[in-house]
Every structure is written in C-alpha cells, then in structure tokens.
Amino acid sequence: MFDNSTIFEPLFWIVMGVIYTIVAISARYWAKDLALQMNWWKWTLVIIWFVLLNITIAAGTTLIGENEQRAGLYFLGVFGTLFIVLGVGLWQLIKREK
Amino acid sequence: MIAKIFNNNLFRVVSIVVLIVLAATAGKHRVNISQHQMISDLFADTSANIEFVNDNKWIITNLHSGNVTKLYIGNGNGYNGQVSVVFIVDSFNIINSVVPISQNETYSFFQKLEKGHFYDKIVGQEIMSLINFSPIDAISGATISSEAILQAIHYGYAQGEGLSIEQKSYPVFGLLELLIIILLFGGYLAGKIKNPTYSVYMRWIIMLIAFIVLGFVYNQHITLSRFSALLSGYFPDFYNELYFYLLTVISFLMLIITNKNVYCNSVCPFGVAQELLSKTGNAKPVRPKYHKALKWVQSFFVLGILLISLVFNNPSIAQYEVFGAFFQLTANTFLFGLLFVTIIISLFIKKPWCNYLCPIDRVFGFVKLTRNAIIKKS
C-alpha cells in the first residue's frame, strides 16, 4: 500500500487489523440489536460471504495497483455486483428464517 | 381543443409515423460517396494505377515494381445493417489485406473482431478456398459481424469476377427458432391457465428457459437498433436470421390479437433477470406519483433516439440496452455503469429497467396504441 514508507505501511495494517477485530466482535451484538435469530449455519453463510467479499475487493484493487486497471475494474464490477446481490439475498434469508 | 387533439390516440400514432418517415427519408438522402470515388480517394497519393473493372473490382498496378493486385469491395449482412469490406488479393489469389470500410455494428461487439485477430486469420488465405471451405470460425460473441465480413468477401469476389452466388433456398430452422415459438406460445398459455399455482409454475419455467437459452446461450433479444435498421430499409437475412423474424413477428401478432405483451412479460431474458433480482431482494412493485411523467420521458427519449439514428442512418446509435453487458459482458463503460445501477435498484424496486428505461417497452407500447386507436376508430 505505502511502498516507500516505513511508518504508514505497518500503521495501515494495524488499523486494518483493529477494524476487522471490531467487526468480528461486534457482529454478535449487531445481530442481537437487529433481533436476528442467528444460528450456526447463518453465521457460516455470513462469514463465507464476508470473506469472499473481502477477497473480491482485495483482488480487484490489487489488479488495479498492478497496473491492470481494466482487469481490476472488470473483476470488481462482476464479482462486486454479484456479492452485493448475494448479500441482499443473504440478508433476506437471515431475516426471514426463524 | 388542442389538448383533445393531443390526447387522441390516432393523432399520436400518425404523428409518430410521420416523424419516422421524415427521419428515414432524411437519412437516406444524406451525402453518399460512391464506392468508385471512395477507392480513388484511398489511392489518391500513391504511386499506383487504379483501373476500374466493375463496381466490385479494381486492378491496382504499382508503377514502380509493376506488381498487379486486385482490389474488391463487397457487402455482407451485419447485425445493424450492411458491412462493407475492401480486400486486396495478390497475383497468386492470396488475400493480402482486409479492411471494413463501412458498418453500423455495435462498437463493443465489432471490436471483438479486431481483438480476436479475425482479419489476421483471413489474410494469407487463398480466396477460393476461403469461399468454398470456410476454414475460419466466427468470433464468439460477434458471430453475425464475423459472418458479415466473410459474406462481404464472398459476395465482393463473386460479383467482381462475375461468378454466381449460391444462395440458401430455405431458411435455417433450428433449435433456437423452435425454442422461440415454444417460449412465446408457452408464455401466452401460462397466462391462460386458470389454476394460479400452475400458471405461476409454467411462467417461471418459460422464464428460466428464456433466461438461460435466449440470454446466455444465444444472446437474442429484441433491440431498438434492429427496428432502426428495419426502418432504414435494411432487412436481416431471412434465411440465416429466421429467429429474428419469428421473435418479432409472433410477439407483435400476439399483442395485436390478444392485447397481451408475452415477450416482455415472460420471454425477455433481461426481464427475467430483473424478476430474479426482485425475488432476491424481496422487491415490491412501485408506482410513484410521477409514474405517468416518467413514462412520457421514456417515450420521448426512445422516439428521439430512434429518429436520430434514422437521420444519421446509423442504427447502432439506438442501441443503449444493457443486454450485452449483462449476458455477454460486452459493452462500453456507460452501459456497464447503467447495468450496475439497474441491478442494484432491481433488488428493491420491481423491474425498473422494463418500467422506465427499456426502449422495447415503448415499441410494444406504440404497437398497442396503434391497435387500440384502430379498434376504437372502427
């Protein structure tokens, strides 16, 4: 990310780690606040979706960073859209299933 | 009084027809450089002597080396009209170069020929073996344009040399044509079944088949550019593109006879895509307060873009549908953006493209308007 900096590079990843930790810890409470009746398979689906969404963003932006703008934008466009759609579907599933 | 005239369906129909006829006539009268003039201009500053043989053939003699090559020009049937190709054949009857000089194909699809090195595959071929054995495969996703180029070479050479052109004596009726008939009649019958459960099941079966086969496998939709091409006087090859006539004529006839738009309701692959998205997001049908105004905007936009494409005699101007972007991942950046927005909105609002953006909805709307105006009058 910050190739020429010895400060920003580790700082960036520390901040990213903090954000991910907060997301992981607060997910339970967020589900509780929204009165979602979560169980093991719902959590599994949510985790798979979240990991794949992150991989999509990481892979797409890496391609753009490696001067493959066209491929990166295609990747983000196709898989990003797909994961938004899947996310909406997953949300409906989590809400509906008791 | 004026409001009454404007609200008269027959007045609207006649006005639209008059505008279309005027635009098509203007498009036809645009300056048209003759092929002879164009070839002469191409070689204006070269040291070559160009000898006109006939409308399709020129003999080019290099004044320095004395080499003699033959230049041909031919036309093939593309998606949005005729594709004109110039190609040069050397004294050993080997094709030296191929250049499309005039075409109205959709840019992103036509570009595939360049990217797929289609012209490079033609160069180096012996002309007669190319015509007789067709050793070159069409580029996937741009089949009609690829075949148009090969057809232009075939016709150009045959007409230039005074050879007879073998025409198909019967139209191609295959799986696609059969499927179109089944889907359209199946879609109509689904609406006729009295049991609502069976009716919904049947409609979904028809829609899913249309989505997969018409959308992903064949990428066949009714598009505005095709209507623009038809109104400009270009009729797709009946023998090779029977499916286009079946899809359009049966859809229109069903609308005229039954007053039901079966194509948009059950067969259009992108309509099905939106239905699937609306199921995913549990979208609700929304009819905003300004629904009528939006429909007017949609109608005027479609009419405007159709007229512009007719005036410029370029049907590809009228192709702003997102079908290619969705089913083939082939489109320009604007259409990809439009598709993205449509997909996201479709998750929350039922069929936004069909309701407010699709040009074909308005084409069917015009047919319906004409039908109702005539019925009311009679």
Side-chain angles (χ1 to χ4, degrees), chain A residues 23 27 30-39 41-98, chain B residues 107-109 111-112 114-116 140-141 204 207-208 211-212 215-216 219 269-286 321-353 357:
Chain A
V23 168
W30 194 32
K32 215 177 251 177
D33 280 354
L34 292 168
L36 299 174
Q37 291 177 339
M38 298 298 283
N39 54 32
W41 64 264
K42 285 184 186 176
W43 278 119
T44 311
L45 287 177
V46 169
I47 291 164
I48 291 172
W49 175 79
F50 187 70
V51 169
L52 289 175
L53 179 72
N54 280 274
I55 289 173
T56 301
I57 294 167
T61 47
T62 303
L63 279 167
I64 292 169
E66 296 288 340
N67 284 327
E68 294 286 354
Q69 279 90 348
R70 202 177 161 77
L73 289 172
Y74 260 100
F75 193 89
L76 280 176
V78 174
F79 290 101
T81 310
L82 180 69
F83 281 108
I84 291 171
V85 173
L86 288 177
V88 173
L90 185 61
W91 173 250
Q92 293 295 334
L93 188 73
I94 287 169
K95 251 185 12 176
R96 198 180 304 158
E97 291 284 333
K98 296 287 173 191
Chain B
Y107 178 71
S108 47
F109 280 87
Q111 225 184 4
K112 284 188 172 190
E114 193 86 49
K115 286 182 183 167
S140 176
W204 270 103
M207 290 197 320
L208 290 174
F211 179 63
I212 295 164
F216 286 106
N219 192 31
F270 193 65
V272 182
Q274 287 172 93
E275 291 245 10
L276 288 169
L277 287 165
S278 69
K279 286 274 172 210
T280 310
N282 200 18
K284 301 279 182 290
V286 174
E321 297 97 343
V322 292
F323 309 149
F326 188 89
F327 291 102
Q328 297 262 310
L329 289 181
T330 304
N332 56 36
T333 315
F334 170 73
L335 289 182
F336 274 123
L338 189 60
L339 174 66
F340 177 75
V341 173
T342 308
I343 287 176
I344 301 301
I345 297 174
S346 300
L347 290 166
F348 308 103
I349 296 172
K350 224 174 175 188
K351 298 180 103 174
W353 174 269
L357 288 166

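Chain letters run A, B, ... following the sequence lines, proteins first and then strands; every chain starts at 1. The model shown is predicted, which means the values in this text are computed figures rather than measured ones.
The line from OG1 of B:Thr333 to CG of A:Leu73 is 8.5 Å long, rounded to the nearest 0.5 Å. With rounding to the nearest 0.5 Å, the separation of OG1 in A:Thr81 from CZ in B:Phe326 is 10.0 Å.
When the shell of 6.0 Å around CD of A:Gln69 is examined, it contains more than 12 heavy atoms from other residues, nucleotides or ligands. The 12-atom threshold is not exceeded at OH of B:Tyr107, counting heavy atoms of other residues, nucleotides or ligands nearer than 6.0 Å. Crowding of A:Trp43 atom CH2: a count of heavy atoms from other residues, nucleotides or ligands under 6.0 Å exceeding 12.
Looking at A:Ile84 and B:Phe340, their side chains come closer than 4.5 Å, going by heavy atoms from C-beta outward.
Closest of all the heavy-atom pairs between A:Gln92 and B:Thr280 is CG-O, 3.2 Å.
In this structure, the portions of B:Leu329 lying under 4.5 Å from any heavy atom of chain A include both its backbone and its side chain.
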